[in-house]
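What follows is one structure encoded as structure tokens, with my remarks underneath.
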Amino acid sequence: MTKEKLLLLDGNSLAYRAFFALPLLTNDSGIHTNAVYGFTTMLQKILDEEKPTKMLVAFDAGKTTFRHESYGEYKGGRQKTPPELSEQFPYLRKLIDAYQIKRYELEMYEADDIIGTLAKQAEKENMQVIIVSGDKDLTQLATDNVTVYITRKGMTDIEHYTPAHIEEKYGLTPEQIIDMKGLMGDSSDNIPGVPGVGEKTAIKLLKEYNTVENLYENIDGMKASKMKEKLVENEEQAKMSKQLATIYTEAPIEITLDDLHYAGPNEEEVLNVWQELSFKSLIEKSNFTMEEKETKEVAFEIVDQITEDMLNDVMAVHLEIENEHYHSCRLLGLAMTNGIKTYYVPFNVMHQNEIIKNWLEDETKKKYVSDSKAAQAILKRIDIDLRGVAFDLLLASYIVNPSISGDDVATLAKEFGYIDVQANETIYGKGAKWAVPEENVLAEHVSRKAFAIWTLQPIVEQKLHENEQFDLYHDLELPLAAILGRMESEGIKVDISTLEKMGEDLERKISQLENEIYELADEKFNINSPKQLGVILFDKLGLPVVKKTKTGYSTAADVLEKLKSKHKIVASILDYRTLAKLQSTYIEGLMKEVHCEDSKVHTRFQQALTATGRLSSTDPNLQNIPIRLEEGRRIRQAFVPSKEGWVLFAADYSQIELRVLAHMSKDENLVDAFIKGMDIHTRTAMDVFHVSEDEVTSNMRRAAKAVNFGIVYGISDYGLSQNLDITRKEAAEFIDKYLQSFPGVKEYMESIVQEAKQKGYVTTILNRRRYLPDITSSNFNLRSFAERTAMNTPIQGSAADIIKKAMIDMDARLKAEGLKSKLLLQVHDELIFEAPQDEIAILERIVPDVMEHAIELAVPLRVDFSYGNTWYDAK
DNA sequence: GTTTTCACG
DNA sequence: ACGTACGTGAAAACA
């Protein structure tokens, strides 16, 4: 028989953990669900990984325990359980019952004691025991057969405490965890410990004296110190604290190990609870079987001929494509509905059909769609110019909440509680099993999508109005989608032969470096493998380990940079990395993306993806083409105008983010610097270092520049210290000096974090929102992250608003001036056009004009520009 | 599928 | 004490 595996869960602790780690989710009827949700994801993960044969969830019972008898103040001063959490416990119990897991609580004892008692019993029976909790106290129970899992940030990140791990982490045995707590106390349980003794001191003392008792037996030998006094003064308190922290392993429990057999969940029951709690993503992902959900009937008709009477003035339309690569994949068909009649038109019926082409191109015929940019691009390929888009579900959802992940209609619809669209995966399968289903199935699926868009249009628009975001959606994102669609369809020409030549060049250099590296290492290995490279550098060559990753040694560039002086091989590896990156990503990768029909790349700009409102670019990503180093920058020589006699014209905002910060903070000093047109980093250096303009050294300017970056990112001393390779203390001093010089910035940063805490979100100039649920987390890391995000998002997001507005204005201006010049790319703070040579003089006038006045700020916006025969030359 | 690294603003 | 700078995408290795 295989060994029994017992899983013991600390119900209260895990629920608390989940509650504070996750944002306050609610189900459709307004009940809070985040604690149950976190518990569930953690439970699923552990069940999948551990496959236990026995299980129990222990809960605390009642208010008083035996610990209160010896110490009345135990757990005193504790905040009342928030009502948002209390209301979740009944659901948690229901869920555990649905999983058919035993749960247990015992008067006068805590969950810890139940778990400790059972763990000891199980160990005697030679079982393998896993304890799961959010509370590190439980680690005192770890033995060779008992592992304690503690959830870290989020709920599914779990740290495994074995005696070895505890030894490594604290240098203590599991039993000494109790002594540690006796000495340092625990504020959350109101255990006093010895005042002035924290974790560090406690560990130091225990390494010398092993236990609290032994410490006091030998305390006379300790040399006189403030700490010794404290220890002597608080001997009783320390001993009592240790007692309080000790988990009682002989609780009078009335259940036995035999009662804990676990045979798996009642899947239907679990699904019912999930349904009740609106755990849509879990329902989606689970492979639990359930009788077919009663989805609403959607009557649809597959048409083999299109007639005028089918086409109304307002309809929802959905174009079904094979996959996300809409510049190359097949169009399968389209569905359209007016809410009463729904039609599915297979591709071969709509193809080269004048009636539907005319309707799709008719500006006065309003279309509700999801992802209008994709629709426009795919139709363009069959010579149809989509017009009259009046609603875009994808963009509207993104404006309501940019954190929504997924861009398919099923996912978006579910966000608004509409469940009658199936996931694409359900219809098509995935991976090798992917296939287009028979026409009836396909037609129903696509019809359901169109119907969902129709149904959701008023609901989502209402939400936009409520949030005062309708203008942002309707006047910015929606027209921008059409512009981006044209940019993508137009594409940018790539000179393949230039890339090929560079590739051959690189190939030679790379193989030479390879040989050099093998020679220096005295063996061949895969330089691309951080793991193998780590072995060579740190084990074989004995270089000092600067930084570790969670899987081993870090070999990142900043680490290697510090090792450069230690061994010749390091510089070669850095060079190799640079060239290998160029070769694989920018030569080979880019060539794969060039369409052979027109020698162009057609990127896709993701318009509903980033949390801040920026665009992103994929297949290929044209927003990260090298520029900083000359070798890489030459890649840009391969990007050329599409027509003879044309050039590429590039215009970029200067310091847009800091100007946005000046505008929003109204800091007098920062505003003044921009109004006077000063070099902002030099000006910052003058103020921070208290020197005159000509006394600013290049190092001072460099430091000031890093501080300015830090400010935009949501400053932290640690981050700045890493960037400048200085100590944290020095970094903190820099920041302090900066904030003294720019008091308005300081005030702004503090107020934006306060606002985020109060409202739960931050906004940009055009009222784009980003929700920050972690801003109130009790977890330091999560909260700090959210605070930095609160500072950064209005800046980055407002800059994104500005350039998007500039793109719309620019499009109108080009049209108004009757120019042939075309906008091709956007790279966050710059626009790239191709233009006939004879329009350059005009562009030099109108591009900066439009960009600089897209949105008026309290400081001027400044745009630099240039042009040339390739992207490289537009510098 | 996740992790590490590195390209950009 | 806690351990990260903000926002992205692609390639390669490894599990």
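Every heavy atom of this structure was used, including side-chain atoms; hydrogens, water molecules and symmetry mates were not. As the structure is a prediction and not an experimental result, all values here were calculated from the model. Chain naming here is simple, since letters A, B, ... match the order of the sequence lines and numbering starts at 1 in each.
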TODO: Using the closest heavy atom to pick a nucleotide of DNA chain C for each, name whichever of Val707(A) or Pro620(A) lands nearer the 5' end.
DONE: Val707(A)
N/O donor-acceptor pair, side chain [X] with base [N], under 3.5 angstrom:
| X | N | answer |
| --- | --- | --- |
| Arg770(A) | dG7(C) | no |
| Asn528(A) | dA12(C) | no |
| Arg604(A) | dG9(C) | no |
| Thr551(A) | dT3(B) | no |
| Arg788(A) | dT4(C) | yes |

TODO: For the residue pair His165(A) and Tyr161(A), categorise the inter-ring angle as parallel (less than 30°), tilted (30 to 60°) or perpendicular (more than 60°).
DONE: perpendicular
- [ ] Check the angle between the aromatic planes of Phe525(A) and Tyr518(A) and answer parallel, tilted or perpendicular using the 30° and 60° thresholds.
- [x] perpendicular
Just call it for [X]: base, sugar-phosphate, or nothing, with non-hydrogen atoms closer than 4.0 Å on any strand.
| X | value |
| --- | --- |
| Asn624(A) | base |
| Ser617(A) | sugar-phosphate |
| Ala557(A) | sugar-phosphate |
| Gly710(A) | base |
| Ile795(A) | nothing |
| Ala611(A) | sugar-phosphate |
| Asp619(A) | sugar-phosphate |
| Val712(A) | nothing |
| Leu615(A) | nothing |
| Leu582(A) | nothing |
| Asn723(A) | base |

Open item on the list: As a test of reading the structure: which of dT5(B), dA10(C), dC2(C) is closest to the side chain of Thr618(A), going by heavy atoms?
Closed with: dA10(C)
- [ ] Could you work out which one of dC14(C), dT8(C), dC6(C) sits closest to the side chain of Thr789(A)?
- [x] dC6(C)
Task: dT4(C) base stacked by Phe785(A) (centroids within less than 5.5 Å, tilt under 30°) - done: no
Open item on the list: Using the C1' atom as the point on both nucleotides, what is the distance between dC2(C) and dA7(B), in whole Å?
Closed with: 31 Å
Open item on the list: Distance check, P atoms only: dC6(B) and dG3(C), in whole angstrom units.
Closed with: 24 Å
Task: salt bridge (Lys or Arg N to Asp or Glu O under 4.0 Å) evaluation trace for Lys804(A) with Glu477(A) - done: CA-CA 8 Å; Lys804(A) 282 178 168 179; Glu477(A) 299 295 351; 2.8 Å; yes
Open item on the list: Under a 3.5 Å cut-off for both contacts, is dT2(B) paired Watson-Crick or G-U wobble with anything, and if yes, with which nucleotide?
Closed with: dA13(C)
Open item on the list: Quick check with a 6.0 Å cut-off and a 45 degree axis cone: is Arg788(A) positioned over the face of Phe785(A)'s six-membered ring?
Closed with: yes
Open item on the list: OP1 or OP2 of dG9(C) versus the side-chain N and O atoms of Ser616(A): is any pair under 4.0 Å?
Closed with: yes
